[in-house]
Amino acid sequence: MAMLRTLRPGPESTAVRGIVFDMDGTLTVPVLDFPKMRRVVGVPEGQDVLDFLAGLEPAERAQREAALHAVEEEGMAAMQVMPGVKELAKHLDERAVPRALVTRNLRRAVDLFHATHFDLPPFEPVLTREFLPYKPHPAALLHIAEHWGITPQELVMVGDSAKDDVVSGNRAGAWTILLDTEGTHRERGQGLEGDLRPHFYAASMQEVQQILTTELQLPSPRAA
């Protein structure tokens with residue numbers, strides 16, 4: 001069952017007018033082999049993969065990006081939708097709550113997800129790592145809030161990465177839900193500090209829906 005109390009102070013209002021989702025490990029089950037990714041790309045300990053690639057000369061960057069793409073292709077081949085995603089998407093659609101997707105993956109991976117794993121209207125807008133600056137910078141969330149004509153405080157960021165998704169959401173001023181389907185974080189997120197600490201912790205997409213329904217305030221369903 002979800003921890004139905006906030007882990008950090010949130011925006012003044014609990015009214016929600018838009019949800020932003022991460023993809024890998026959130027809308028899809030976690031299959032990307034991140035240790036292998038770092039190893040084949042040759043990322044130094046403690047450095048971000050994308051930041052490392054951005055600092056390379058073009059020729060070396062292209063070579064190492066090819067290694068990165070090979071690991072990402074393996075992830076795409078093993079892609080599976082996260083249980084509860086379609087039910088939550090329907091729940092939001094019934095209430096006319098827009099849903100966006102922000103990922104550090106490739107656009108091709110998002111297109112594959114929509115084409116072969118998700119038979120509802122697509123997440124829109126979609127911002128991949130081509131949108132700069134990428135997570136954990138809050139720029140993508142601020143862009144989406146402006147696109148939807150709402151304040152960042154009316155957004156919820158849902159993702160499985162404390163360092164990317166939660167930090168991005170917190171720095172934008174949005175509500176944040178850390179999705180931890182693999183039980184990575186002890187004490188249901190209470191050990192996380194600073195911008196890594198989410199407002200809510202969920203162990204499943206069903207718990208995410210519970211938080212949105214009972215702890216935050218979604219619009220009422222549209223009349224049939």
Side-chain angles (χ1 to χ4, degrees), residues 2 16-34 69-131 134-135 140-141 143-145 147-150 154-161 164-166 168-169 174-182 200 202-224:
V16 171
R17 296 178 60 196
I19 317 290
V20 180
F21 293 88
D22 172 54
M23 188 174 75
D24 301 289
T26 303
L27 297 179
T28 63
V29 299
V31 296
L32 275 175
D33 189 338
F34 288 105
H69 294 164
V71 178
E72 291 174 326
E73 290 289 345
E74 292 174 359
M76 284 187 267
M79 183 182 288
Q80 301 175 54
V81 68
M82 182 71 76
V85 162
K86 293 182 182 180
E87 292 80 2
L88 176 54
K90 289 179 182 177
H91 186 78
L92 297 175
D93 292 350
E94 289 168 356
R95 289 157 176 76
V97 177
R99 41 184 174 80
L101 193 163
V102 175
T103 178
R104 286 161 52 101
N105 207 324
L106 298 167
R107 179 70 198 216
R108 187 166 72 256
V110 178
D111 291 343
L112 176 67
F113 169 74
H114 280 143
T116 63
H117 293 80
F118 193 74
D119 55 5
L120 298 174
F123 291 80
E124 180 62 34
V126 168
L127 299 181
T128 63
R129 64 172 175 252
E130 287 81 11
F131 180 93
Y134 40 72
K135 296 181 296 185
L141 273 68
H143 174 84
I144 290 169
H147 176 74
W148 284 341
I150 65 177
E154 295 171 305
L155 284 178
V156 179
M157 177 70 214
V158 181
D160 69 310
S161 172
D164 292 325
D165 304 316
V166 173
S168 176
W175 290 98
T176 52
I177 301 176
L178 176 62
L179 177 63
D180 186 18
T181 60
E182 298 190 306
F200 296 100
S204 67
M205 197 59 72
Q206 290 80 5
E207 289 192 356
V208 172
Q209 183 167 333
Q210 182 186 7
I211 290 167
L212 293 173
T213 302
T214 62
E215 295 299 298
L216 299 174
Q217 185 180 347
L218 294 175
S220 300
R222 293 178 295 185

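No experiment lies behind these values; they were computed from the predicted model shown.
- Considering only heavy atoms from C-beta on, R99 comes within 4.5 Å of D93 through its side chain.
- Atoms CZ and CD, from F200 and E215 in turn, are 5.0 Å apart once rounded to the nearest 0.5 Å.
- Contact of the F131 side chain with the V102 side chain is not registered, since no non-hydrogen atoms from C-beta on lie closer than 4.5 Å.
- Aromatic ring orientation, F21 versus F123: perpendicular (interplanar angle above 60°, classes split at 30° and 60°).
- Nearest heavy-atom pair, V97 versus P219, reported as atom, atom and distance to 0.1 Å: CG2-CD, 3.5 Å.
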Could you walk me through whether T103 and D24 pass side chain to side chain contact (heavy atoms under 4.5 Å, CB included), step by step?
CA-CA 8 Å; T103 178; D24 301 289; 3.8 Å; yes
Let's go through H69 and M76 carefully: what are the C-alpha distance in whole Å and the side-chain angles of both, what is the deciding distance for side chain to side chain contact (heavy atoms under 4.5 Å, CB included) to 0.1 Å, and is it a yes or a no?
CA-CA 10 Å; H69 294 164; M76 284 187 267; over 6 Å; no
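- Salt-bridge check for D22 with R104: failed, with every basic side-chain N at 4.0 Å or more from each acidic carboxylate O.
- Looking at heavy atoms from C-beta onward, E182 lies out of side-chain contact with D160 at the 4.5 angstrom threshold.
- Judged as a side-chain hydrogen bond (donor to acceptor under 3.5 Å, both in side chains), not a single pair has a partner in residues 113-126 (not counting sequence neighbours).
- Minimum interatomic distance between V85 and L27 (heavy atoms only, all atoms of both residues): CG2-O, 3.6 Å.
- The two atoms that bring L32 and G75 nearest to each other are CD2-CA, 4.0 Å, heavy atoms only.
- Listed here is the closest heavy atom pair of I150 and G18: CD1-N, 4.2 Å.
- Here the straight-line distance linking atom CG of L179 with atom CD1 of I211 works out to 9.0 Å at 0.5 Å rounding.
- In this structure the side chain of P83 reaches within 4.5 angstrom of the side chain of V29, judged on heavy atoms.
- With sequence neighbours left out, the salt bridge (Lys or Arg N to Asp or Glu O under 4.0 Å) criterion links R17 to E154.
- Looking at L88 and Q206, their side chains never come closer than 4.5 Å, going by heavy atoms from C-beta outward.
- To the nearest 0.5 angstrom, T28 atom OG1 is 8.5 Å from N105 atom CG.
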Take T26 and M205 through the side chain to side chain contact (heavy atoms under 4.5 Å, CB included) test and state the conclusion after the steps.
CA-CA 8 Å; T26 303; M205 197 59 72; 4.2 Å; yes
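- Note: L155 CG to W175 CH2 = 12.5 Å, rounded to the nearest 0.5 Å.
- A distance of 3.5 Å separates OG1 in T213 from NE2 in H91, rounded to the nearest 0.5 Å.
- The minimum heavy-atom distance linking S168 with L141 is given by the pair OG-CD1, 3.5 Å.
- At least one side-chain heavy atom of P125 sits less than 4.5 Å from a side-chain heavy atom of W148.
- Side-chain atoms of P30 and M82, non-hydrogen and from C-beta on, do get closer than 4.5 Å to each other.
- Atom CD1 of I177 and atom CD1 of I19 lie 7.0 Å apart (nearest 0.5 Å).
- The shortest side-chain heavy-atom distance between V20 and M157 falls under the 4.5 Å cut-off.
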